[in-house]
Amino acid sequence: MDTSKSNLFYACEMVLEEEGIYGDVSCDEWAFSLLPLDVDLLSMELPEFFRDYFLEGDQRWINTVAQALHLLSTLYGPFLNCYGIGRCAKMSYDLWRKLEEEEDSETKGRRPEIGHIFLLDRDMDFVTALCSQVVYEGLVDDTFRIKCGSVDFGPEVTSSDKSLKVLLNAEDKVFNEIRNEHFSNVFGFLSQKARNLQAQYDRRRGMDIKQMKNFVSQELKGLKQEHRLLSLHIGACESIMKKKTKQDFQELIKTEHALLEGFNIRESTNYIEEHIDRQVSPIESLRLMCLLSITENGLIPKDYRSLKTQYLQSYGPEHLLTFSNLRRAGLLTEQAPGDTLTAVENKMSKLVTDKAAGKITDAFSSLAKRSNFRAISKKLNLIPRVDGEYDLKVPRDMAYVFSGAYVPLSCRIIEQVLERRSWQGLDEVIRLLNCSEFAFTDMTKEDKASSESLRLILVVFLGGCTFSEISALRFLGRERGYRFIFLTTAITNSARLMEAMSEVKA
Amino acid sequence: MDCYTANWNPLGDSAFYRKYELYSMDWDLKEDLKDCLVAAAPYGGPIALLRNCWRKEKAASVRPVLEIYSASGMPLASLLWKSGPVVALGWSAEEELLCVQEDGAVLVYGLHGDFRRHFSMGNEVLQNRVLDARIFHTEFGSGVAILTGAYRFTLSANVGDLKLRRMPEVPGLQSAPSCWTTLCHDRVTHILLAVGPDLYLLDHATCSTVTPAGLAPGVSSFLQMAVSFTYRYLALFTDTGYIWMGTASLKEKLCEFNCNIRAPPKQMVWCSRPRSKEKAVVVAWEKRLMVVGNVPESIQFVLDEDSYLVPELDGVRIFSRSTHEFLHEVPVASEEIFKIASMAPGALLLEAQKEYEKESQKADEYLREIQELGQLVQAVQQCIEAAGHEHQPDMQKSLLRAASFGKCFLDRFPPDSFVRMCQDLRVLNAIRDYHIGIPLTYSQYKQLTIQVLLDRLVLRRLYPLAIQICEYLRLPEVQGVSRILAHWACYKVQQKDVSDEDVARAINQKLGDTPGVSYSDIAARAYGCGRTELAIKLLEYEPRSGEQVPLLLKMKRSKLALSKAIESGDTDLVFTVLLHLKNELNRGDFFMTLRNQPMALSLYRQFCKHQELDTLKDLYNQDDNHQELGSFHIRASYASEERIEGRVAALQTAADAFYKAKNEFAAKATEDQMRLLRLQRRLEDELGGHFLDLSLHDTVTTLILGGHNKRAEQLARDFRIPDKRLWWLKLAALANLEDWEELEKFSKSKKSPIGYLPFVEICMKQHNKYEAKKYASRVGPEQKVKALLLVGEVAQAADVAIEHRNEAELSLVLSHCTGTTDGATADKIQRARAQAQKK
């Protein structure tokens with residue numbers, strides 16, 4: 001029996017048949033699952049995953065994710081320790097296990113190369129994705145939009161009249177050194193680099209003919225290349241500075257930090273309202289509203305109504321649908337006074353124990369989940385206590401990716417689980433994340449594994465991850481001696497999330 | 001052992017032919033062979049007999065019986081022939097029996113007499129009736145060639161993929177050819193026919209006359225022709241008793257022979273081994289069998305009984321009422337070893353081994369002799385090879401023993417050829433057993449391959465033997481045991497007298513989780529036999545739920561298919577089932593089914609969003625999902641409706657739905673939008689310009705920019721635009737117009753709810769420092785510093801900051817102090833700071 005057949009799109013065939021051209025076309029499948037964007041970053045390039053799954057409850061990509069995992073495990077051997085959190089993570093994982101069982105894979109005897117794999121749903125942590133990014137790579141993404149590992153730098157960056165498409169990855173030596181840095185360090189670093197470069201150029205003074213020949217043939221090309229890259233990044237920095245160092249941006253960051261820490265809520269709410277009234281940016285306004293909602297477990301009814309009204313007046317009535325989407329995805333909700341935590345939990349547990357619905361086929365619940373961000377933040381110590389100035393040049397912890405104000409929740413979860421090698425002791429957090437049924441650990445005996453492979457960790461983000469999260473985990477890797485590899489359905493950021501939820505007139 | 005070569009008959013100096021018995025036939029033939037249509041499949045295949053009662057003038061009233069026997073005469077099937085007159089029988093390569101009827105219909109039966117299918121050889125054949133027919137084998141499969149009553153030929157080269165080809169006419173042909181045959185050359189089938197002294201070759205397009213090279217003169221008619229197993233050679237028997245043997249192209253003569261018998265032979269077939277130089281033809285008359293080759297003499301046998309010849313790859317099988325024999329040229333290895341007084345290394349080795357068993361020192365002498373010539377390797381190889389060609393296990397054993405004995409004296413003799421021969425012979429002996437009745441020779445077995453042999457055992461329902469062979473040969477499970485078990489299961493499901501439960505259980509017990517067994521294939525077969533319930537039971541054992549789906553769909557168990565598809569996690573599969581279900585069920589049932597399958601429902605919703613918006617609406621309606629219905633109509637109001645009335649109506653429907661959903665906010669917002677739309681329409685009519693689809697904010701802004709302040713105010717009141725928004729809005733609009741006078745008037749209309757800093761900012765944005773300064777003075781104390789800095793009054797800002805004693809403000813001012821111009825100010829601040837610290 002031809003098993004590959006089942007993967008061909010039956011539905012496509014049917015459509016072709018209905019159109020009456022089935023006989024004239026030949027079908028083949030291109031299993032396009034993983035695109036390596038960088039040495040440590042694999043993307044499935046499925047930006048639609050986020051909306052399809054988290055909004056529409058469409059599970060069609062889960063199979064794709066499972067296939068991708070299957071591909072990786074055939075290439076790199078079985079994964080020794082698997083952890084995950086989230087409904088989608090659980091479903092993808094289960095489906096992947098099934099695939100492995102069905103195919104008597106040749107991987108069984110293989111030496112495992114990847115020690116740990118961590119699957120994480122985006123809806124476990126919307127907060128991090130909604131924050132403005134301040135590490136260089138994230139900032140470039142927020143400002144210029146990195147597409148598929150490359151970015152279009154416009155004339156304002158290239159200081160010529162042409163746009164330039166630039167690949168951003170570890171190959172770019174200048175970029176590689178600044179990508180994970182807090183933006184405040186980048187300029188200093190670049191000017192230092194420029195000085196070094198000049199010094200190297202200057203060396204040619206006082207060279208004799210032979211040395212000069214050597215210099216021209218061997219070093220000059222590299223220097224020129226570096227020079228070109230350097231000027232590009234300096235251009236990009238200037239452009240970012242122009243946009244981001246305005247007072248507005250400072251205020252914005254201040255508001256974000258206030259929301260994360262949970263003080264001056266009234267002031268922040270007013271700020272958001274003013275933001276809407278002034279029609280600053282529909283996407284930005286939406287982002288702030290969502291951030292407020294999630295950090296506060298939903299908006300109080302009065303604000304919920306008034307902010308929405310203001311928003312509709314500013315940006316058009318079709319956004320009524322946007323709000324309906326956001327509510328469904330749990331991004332922008334209303335505090336329900338009677339709805340206590342236990343009541344919600346009851347509903348949830350009833351939903352998940354409803355076995356009739358099948359193993360992985362649970363209804364996508366439109367039940368607004370409470371984010372419990374404040375409690376989680378306290379539990380996991382996401383807001384570092386500030387004593388004195390946070391030195392962004394020498395980061396202490398992952399919080400540096402948000403100027404020392406906030407440790408990304410997603411990364412903190414990963415850190416904690418890896419430390420414990422299980423979810424043990426994190427029960428309270430899991431409960432607060434509404435994920436009692438969807439947190440899992442699957443360990444195998446480690447005798448086969450080399451210590452090298454145990455250091456290698458594959459983090460799978462279902463629904464996208466941000467460059468800030470990647471930077472934070474890279475930092476964690478350096479600190480703890482891990483090597484992280486990222487597999488994401490797509491690179492995302494706050495604007496992309498909001499756009500995915502927005503209804504726009506065609 | 002001296003008499004071992006007793007049945008060897010020399011043909012000239014170089015070749016021997018031997019005939020030995022395969023089986024003594026135990027069949028209980030009711031008719032004489034000569035009264036029957038006979039078909040025997042090559043490669044030791046089955047024999048079919050059908051009494052030819054149609055040949056005689058007086059048609060017998062009794063219906064004839066079609067009987068099928070194994071090569072050893074074991075009955076396999078017997079059935080009453082109820083169809084029309086049969087002209088010819090023949091076996092296909094798949095061991096299916098093809099019965100060519102007089103009307104050109106070909107009926108296909110299985111080995112066990114089970115009717116498979118039938119096909120027709122075309123209208124022309126139907127009209128002119130079939131005069132003669134042949135079943136032949138090519139590399140494409142099995143073909144049928146027909147000679148019609150109009151003396152035309154029609155053929156199909158592969159009955160599995162039926163394409164009829166009508167061959168060209170032979171000019172002036174008035175009677176049936178005296179003999180004819182099919183030839184296969186360069187993948188094209190030709191027909192060679194003899195009419196009187198002429199030979200014609202028909203290909204697809206042309207008819208050409210051909211003359212055999214070196215044909216003796218005086219031939220007035222060809223009585224018989226025979227083409228070799230591989231289509232390479234051709235033999236012609238003429239009315240002068242002369243036999244011409246040559247290549248099939250007729251261009252080269254190999255030899256000729258004159259037997260001086262003018263009676264037409266009953267059968268003539270080639271008898272030669274592949275790669276042998278000897279070419280010989282076996283000719284059979286009523287009572288006489290003759291082997292003729294390239295020598296003046298021939299070998300003659302007397303036939304006691306009516307016999308039938310079956311050409312094989314490496315010889316001829318001859319069966320009669322009582323025996324089944326094999327006639328072939330003695331292979332080289334056997335000849336070397338057994339030829340009388342042979343000094344070939346193999347012969348010596350065999351002798352040495354015999355002496356060794358007798359504990360005679362002669363063994364050593366023989367061995368030495370071989371070793372001195374350095375031919376021990378050759379000797380062993382010869383013995384192994386010869387063993388393969390022996391039919392009697394005893395002889396096989398002694399040859400293998402000799403080989404094994406010789407191997408002991410060799411250092412490095414790779415054992416695999418020996419081991420493989422032992423295995424092959426064991427398999428061959430097992431299938432040659434008369435219970436099984438497949439008398440394959442070693443060469444035929446190698447040509448056929450083990451896979452095909454296993455298929456043939458499966459075809460004979462000899463599952464246990466097939467499995468034992470697989471296990472014995474250690475074939476991989478997927479190609480071996482699993483495949484056979486799957487076949488067994490497919491047979492098992494056809495046993496209608498056994499209950500569904502028992503069949504399913506029996507199959508599962510045997511198959512278990514054997515890898516490579518597809519329960520869905522077996523279930524498909526069960527369904528093919530009309531046993532739907534059994535098919536479903538069997539599908540339960542299929543571990544891959546995805547595999548179950550296509551069959552379930554076919555069986556119209558779509559709902560079960562849906563849950564299986566969902567279980568498989570393959571959303572494409574789910575889609576397939578959904579689209580099936582949609583066509584199969586009425587809408588209400590379809591929706592109900594979806595309701596119980598949330599995952600499918602969400603998939604279908606996605607589908608509808610892109611493909612069938614109306615269905616989406618129905619889905620929401622069915623679920624009383626008013627919230628989504630509202631959203632649906634909202635979307636419709638700007639996506640699908642064009643006219644303003646339609647849009648307002650859509651919004652009204654949406655608002656109603658929102659009320660039902662108890663979403664008052666959305667309902668109110670929708671009603672507002674209806675009002676706004678109508679108003680915008682009116683504005684466009686009255687004022688011109690573009691208003692439709694602007695947001696409320698933009699509508700008011702547009703009015704102000706157009707100088708319709710009154711209208712703007714009215715609108716703001718009507719829609720209860722908050723003061724703050726109105727101020728921001730007016731500020732931006734007026735600054736945009738650079739209507740500074742109006743702006744100032746506006747700023748003084750009442751106390752600004754947004755403060756005055758925004759005024760300063762917006763003036764500076766429009767590069768109007770003069771106006772900006774006006775407002776800077778009115779900015780409240782907490783923002784004063786910022787405002788002053790904005791308009792560039794650094795010194796003043798410093799004063800205010802010092803007055804406020806605000807550290808943050810001081811730093812802010814300091815950061816604005818540039819170089820020389822503000823040097824004094826900077827000093828002042830530093831001093832103030834120092835003072836503050838002192839305190």
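All values below come from the heavy atoms of this structure, side chains included, with hydrogens, waters and symmetry mates left out. In the text below, chain A, chain B and the rest are named by the order of the sequence lines, each starting its count at 1.
Note: B:Y604 and B:F607 have parallel aromatic rings, judged against thresholds of 30 and 60 degrees for the angle between ring planes.
Residue A:L321 touches chain B through its side chain alone, counting heavy-atom pairs closer than 4.5 Å. Proximity to chain B is absent for every atom of A:T64, based on heavy atoms less than 4.5 angstrom apart. Both the backbone and the side chain of B:R635 come within less than 4.5 Å of a heavy atom in chain A. For A:Q310, the parts sitting under 4.5 Å from any heavy atom of chain B are the backbone and the side chain alike. Residue B:A666 touches chain A through both its backbone and its side chain, counting heavy-atom pairs closer than 4.5 Å.
Classification of A:D58 and B:K609 as a salt-bridged pair fails, no side-chain N sitting under 4.0 Å from a carboxylate O. Electrostatic pairing of A:R266 and A:D303 counts as a salt bridge here, judged by a charged N lying under 4.0 Å from a carboxylate O.
Heavy-atom neighbours of A:R51 CZ from other residues, nucleotides or ligands within 6.0 Å: above the threshold of 12.
Counting only N and O atoms by type, the side chains of B:Q680 and B:T699 include a donor and acceptor under 3.5 Å apart.
When B:L726, B:I754, B:D698, B:L676 are compared by the number of non-hydrogen pairs under 4.5 Å with chain A, B:D698 comes out ahead. For the set B:P722, B:A669, B:G630, the count of heavy-atom pairs under 4.5 angstrom toward chain A peaks at B:P722.
The minimum heavy-atom distance between A:H275 and A:Y315, with the atom names listed, is O-OH, 4.0 Å.
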